[in-house]
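Scroll down for the structure; my scribbles are underneath it.
This structure is a prediction, so every number in the text was calculated from the model and none was measured. Numbered from 1 within each chain, the chains take letters A, B, ... in sequence-line order.
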There are 2 protein chains.
Amino acid sequence: MEDDTRQRLLDAAEALFAEHGFAETSLRAITTQARANLAAVHYHFGSKDELLHAVFARRLKMLNEERLARLTALETGGGPVTVETVLTAFIEPSLRLRRAGVQGERFTRLLGRAQIDASEALRDFLRDQYAPVLERFQQTLGRTLPQLQPGELRWRLYFALGVLSFTYAGARLPQMPFAARLVGDEEWLLRQLIQFLAVGLCAPPLEEGAEKTA
Amino acid sequence: MEDDTRQRLLDAAEALFAEHGFAETSLRAITTQARANLAAVHYHFGSKDELLHAVFARRLKMLNEERLARLTALETGGGPVTVETVLTAFIEPSLRLRRAGVQGERFTRLLGRAQIDASEALRDFLRDQYAPVLERFQQTLGRTLPQLQPGELRWRLYFALGVLSFTYAGARLPQMPFAARLVGDEEWLLRQLIQFLAVGLCAPPLEEGAEKTA
DNA sequence: GTCTATATAGCGATAGAC
DNA sequence: GTCTATCGCTATATAGAC
């Protein structure tokens, strides 16, 4: 069992945090699902907070490295650098994670939740992980959409990441009569999503003057 | 104090739930901020869950009634029924709530969070409140955008509500170097938001065949 | 309606045997 | 590394005086 226990704890925490939230999930629920002892969490991670941190660390580094690698390949590959291809470079790695199995789907769900839920400490950690990625994507998009003021581009990027987070979080709009989960056919949904975001980012500027820069 | 205590409890709960989340907020924190006794919550509401329910009930009914009234006025007023005007009919009432004071801003923040956070029981309540509103807006949008398959329209509406929830929740994208809060200038941001959503909803259909209807 | 006092339960965390 | 047992704390909820 030894190190395998650590992985089972991460898997169980990932699933339960994604489903019920951090505060609502007890260490007892996690260790039960992981078939581990209650004390194992503190032996392997030190605290509940550090367990959550480890859940993110396990997957986030690779995810964002893949995003940057795809963007670099896009910019040096000689192909067309359009809003669609840049968005795809950002989104596809996370979609691959979802396709890789149920644990990947749970992680993206947790990641979406964290954008709204995250405590101050977790936000600091996520910021460190995301800052270089977002900055590079923003720069590239800025070159692709030179007609936009920086403040305008940043808000549109904010909206776009909002859609992505909301969708990955699997938010069930209580009012919608259809299942809002990403069931099957994620390829079709990805195309819908990318088009929705792309036309939003590419919309003509609204700025009349140039006073709004932040 | 009598009934005033009830209002102060609702105000404090609204603020703290919006800021820290439901599970993370204790009744002690709420009663302290409301300058009320701990037992007052159970006297006035019965339980913590029913307090949350009451926080939503206090504002949600009026909000959705105003949305429906605006949509009706739009459809019978003889003016142009465009995607932008329909979106405005949906969004403006919540924006008015935000402008009305800090409590309105807190409520919309809580409402945004709830779309991702909500427990099963709260989701049932929200569904009942939202179902008729969303259905009518979807019908109207369907007439304005007849080229879209129903499934396509529903997902685009889902994306749009995602952006709105995310923005109202005041999600601080940890990676963004700018303040992601809605500081001042909400008029400018509203125009940005509505344009982003409108062009996304109006994008040409992606459907090749007609097999995808749900 | 508001208060004090308390019941009851679950939480994260730790000590120490094995 | 894994276990049992438990500490110390906080939570929601309630009973009963005023």
Legend entry - Value in whole Å for how far the P atom of C:dG10 lies from CD of A:Glu24: 17 Å
Inset, instruction - From the options A:Val83, A:Leu71, A:Thr85, A:Leu74, select the one residue that forms a side chain to side chain contact (heavy atoms under 4.5 Å, CB included) with A:Thr140. - result: A:Leu71
Inset, instruction - Measure from CD1 on B:Ile30 to P on D:dT10 and round the result to the nearest Å. - result: 17 Å
Inset, instruction - Would you indicate what A:Thr31 reaches in the nucleic acid, counting non-hydrogen atoms under 4.0 angstrom: base, sugar-phosphate, or nothing? - result: nothing
Legend entry - Under 4.0 Å protein heavy-atom contact, by nucleotide of nucleotides 13-18 of chain C - B base, S sugar-phosphate only: BB----
Inset, instruction - Please state whether the phosphate of D:dA11, meaning OP1 or OP2, lies under 4.0 angstrom from any side-chain nitrogen or oxygen of B:Ser26. - result: yes
Legend entry - side-chain hydrogen bond (donor to acceptor under 3.5 Å, both in side chains) against B:Glu24, all qualifying residues, sequence neighbours excluded: none
Legend entry - Partner set under salt bridge (Lys or Arg N to Asp or Glu O under 4.0 Å) for B:Arg136, not counting sequence neighbours: B:Glu75
Legend entry - Spacing of A:Phe22 atom CZ relative to C:dC11 atom C1', expressed in whole Å: 12 Å
Inset, instruction - Take atom CG of B:Leu9 and atom C1' of C:dG1, then tell me their distance rounded to the nearest Å. - result: 12 Å
Inset, instruction - Measure the distance from OH on A:Tyr43 to P on D:dC3 and round it to the nearest whole Å. - result: 13 Å
Legend entry - d(CG, A:Leu52; P, C:dG12) in whole Å: 13 Å
Inset, instruction - Please list, chain by chain and in numerical order, all residues satisfying ring pair (Phe, Tyr, Trp, His ring centres under 6.0 Å) with B:Phe45, sequence neighbours excluded. - result: none
Legend entry - Carboxylate-amine/guanidinium proximity below 4.0 Å for B:Glu14 and B:Arg106: no
Inset, instruction - Could you pull out all residues at least two apart from A:Ala40 that satisfy side chain to side chain contact (heavy atoms under 4.5 Å, CB included)? - result: A:Thr5, A:Leu9, A:Ala36, A:His44
Legend entry - Nucleotide D:dG1, atom P - distance to CD of A:Gln7 in whole Å: 13 Å
Inset, instruction - State whether B:Asn37 places a side-chain N or O below 4.0 Å from either non-bridging phosphate oxygen (OP1 or OP2) of C:dT4. - result: yes
Inset, instruction - Give a yes/no on whether any side-chain N or O of A:Thr5 is located under 4.0 angstrom from OP1 or OP2 of D:dT2. - result: yes
Inset, instruction - Output all residues satisfying ring pair (Phe, Tyr, Trp, His ring centres under 6.0 Å) with A:His20, sequence neighbours left out; order by chain, then residue number. - result: none
